[in-house]
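Each residue takes its place number in the sequence, starting with 1. Every value quoted in this text rests on a predicted model; they were computed, and no experiment measured them.
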Amino acid sequence: MTYGPSMAAAYDRGRGLRPADVERWMVAARPYLPTGDGWILDLGAGTGRFTAALTRISGARVVACEPAAAMRAVLRENLPHAPAVGGVAEAAPFAADVFDAVWASQMIHHVGDPAALAAELRRILRPEGHLLIRGGFGPVQDIPLYRWFPQAWADGTAARLGLDRITGVLGEAGLVMVEHRQVEQTFAETADELVGKASTRSLSPLAALPDQIFQAGLAQLRQDAVDEPIVERLDLVVFRAGV
């Protein structure tokens, strides 16, 4: 889907992460990131949620690549000194063997041609470089908002792209899984925060719903939400490029 100005403006409100949660992801990622003169690609960087953290934790040079102009505009406001370029993952605008690591956070389901993505990732990664995919590949019932918006994650939707398929396509391109772990993060601490995040529709599965279905789910969420933290577990799946 296309991230236009309204979604880009709401993205950080709906998808922002607490500093402690960003730190958990960076601790998990750190063993697979280069240091010093190394290069990292933040692929599908959005508004730069992880761009600065990747730079800080590794000391390497980080390039953000984001196809949506509206999202890049917010990224440049958030991080005016970070290199940010346009481009789609299936045709990455980079030379071969450039990056020591590629960080791909919650963007795989936007890719229309997984085989093309896999080929591009293998092309731009240096031998033995790492691809780090952050996403939710567990049971759909574990998604915090699934209870109120089940149609958003129905079978056959892009959001239900399975890890088995991803692993198979990447394997054919020469990228082999070396780790799969889960990382906890707080989705919302209060009922108001939960409703507020859902209201932004900054999750692409929610944005894709017909307005009537979304509004019905939101009304039920407002009625049901209680003041207790909601903790979710997302996946970090790491692949290594062949020599």
Side-chain angles (χ1 to χ4, degrees), residues 1 3-29 44-53 70-71 74 78 103-110 132-163 180-237:
M1 68 170 296
Y3 282 80
S6 60
M7 181 173 277
Y11 192 86
D12 287 341
R13 288 187 285 114
R15 305 291 296 279
L17 293 169
R18 292 167 173 78
D21 290 331
V22 173
E23 188 64 21
R24 289 189 188 95
W25 284 104
M26 292 300 96
V27 168
T47 59
R49 288 190 299 169
F50 289 101
T51 307
M71 298 288 274
V74 177
N78 291 342
W103 172 263
S105 173
Q106 294 185 304
M107 55 75 64
I108 294 293
H109 61 284
H110 292 297
L132 298 90
I133 297 177
R134 174 181 177 269
F137 302 112
V140 68
Q141 294 82 3
D142 292 346
I143 296 171
L145 294 173
Y146 175 80
R147 172 182 169 186
W148 297 281
F149 306 97
Q151 298 95 327
W153 289 275
D155 288 339
T157 60
R160 291 292 298 276
L161 181 62
L163 183 57
H180 178 194
R181 64 185 294 183
Q182 289 191 315
V183 177
E184 285 190 351
Q185 62 182 43
T186 300
F187 186 80
E189 289 187 335
T190 66
D192 285 346
E193 184 182 5
L194 179 62
V195 172
K197 282 192 166 186
S199 298
T200 66
R201 296 183 81 171
S202 52
L203 278 166
S204 57
L206 298 187
L209 286 175
D211 287 344
Q212 185 176 3
I213 292 176
F214 173 75
Q215 292 299 335
L218 187 62
Q220 190 64 51
L221 172 59
R222 287 194 175 102
Q223 180 177 320
D224 295 344
V226 296
D227 276 321
E228 61 181 28
I230 295 178
V231 176
E232 62 178 332
R233 295 173 66 86
L234 294 182
D235 300 270
L236 178 66
V237 191

Q) So F149 and F214, would you call those rings parallel, tilted or perpendicular, with 30° and 60° as cut-offs? A) parallel
Over all heavy atoms of both residues, which pair between [X] and [Y] is shortest? Give the atoms and the distance, please.
X    : Y    : value
D192 : D227 : N-OD1, 4.4 Å
K197 : T186 : NZ-O, 4.4 Å
T51  : A45  : OG1-CB, 4.1 Å
G14  : T200 : CA-OG1, 3.4 Å
L221 : A198 : CD2-CB, 3.6 Å
A152 : L209 : N-CD2, 3.7 Å

Do the side chains of [Y] and [X] get nearer than 4.5 Å, heavy atoms only?
X    : Y    : value
Y146 : P144 : no
L17  : F187 : no
H180 : L163 : yes
L234 : F137 : no
V27  : E23  : yes

Quick one: [atom1] on [X] to [atom2] on [Y], what's the gap to the nearest 0.5 Å?
X    : Y    : atom1 : atom2 : result
I213 : L218 : CD1   : CG    : 13.5 Å
I143 : W148 : CD1   : CH2   : 12.5 Å
N78  : T47  : CG    : OG1   : 5.5 Å
I133 : D235 : CD1   : CG    : 10.5 Å
S204 : H109 : OG    : NE2   : 3.5 Å
R24  : L236 : CZ    : CG    : 14.5 Å

**Q.** E228: salt bridge (charged side-chain N to carboxylate O under 4.0 Å, His left out) partners, not counting sequence neighbours
**A.** none
**Q.** Donor-acceptor contact below 3.5 Å, side chain R49 vs main chain R15
**A.** yes
Q.
Using a 3.5 Å distance criterion without hydrogens, assess whether the side chain of E193 forms a donor-acceptor pair with backbone atoms of E189.
A. yes
Q) side-chain contact (heavy atoms from CB on, under 4.5 Å) between V237 and L132: does it pass, once the steps are laid out? A) CA-CA 6 Å; V237 191; L132 298 90; over 6 Å; no
Q: Any salt bridge (Lys or Arg N to Asp or Glu O under 4.0 Å) involving residues 214-223? Give me the pairs, sequence neighbours left out, ordered by first then second residue.
A: none
Q: Assess the side chains of Q106 and R134: does a donor N or O sit below 3.5 Å from an acceptor N or O?
A: yes
Q. Is it the case that Q141 and R147 place a side-chain donor and acceptor less than 3.5 Å from each other?
A. no
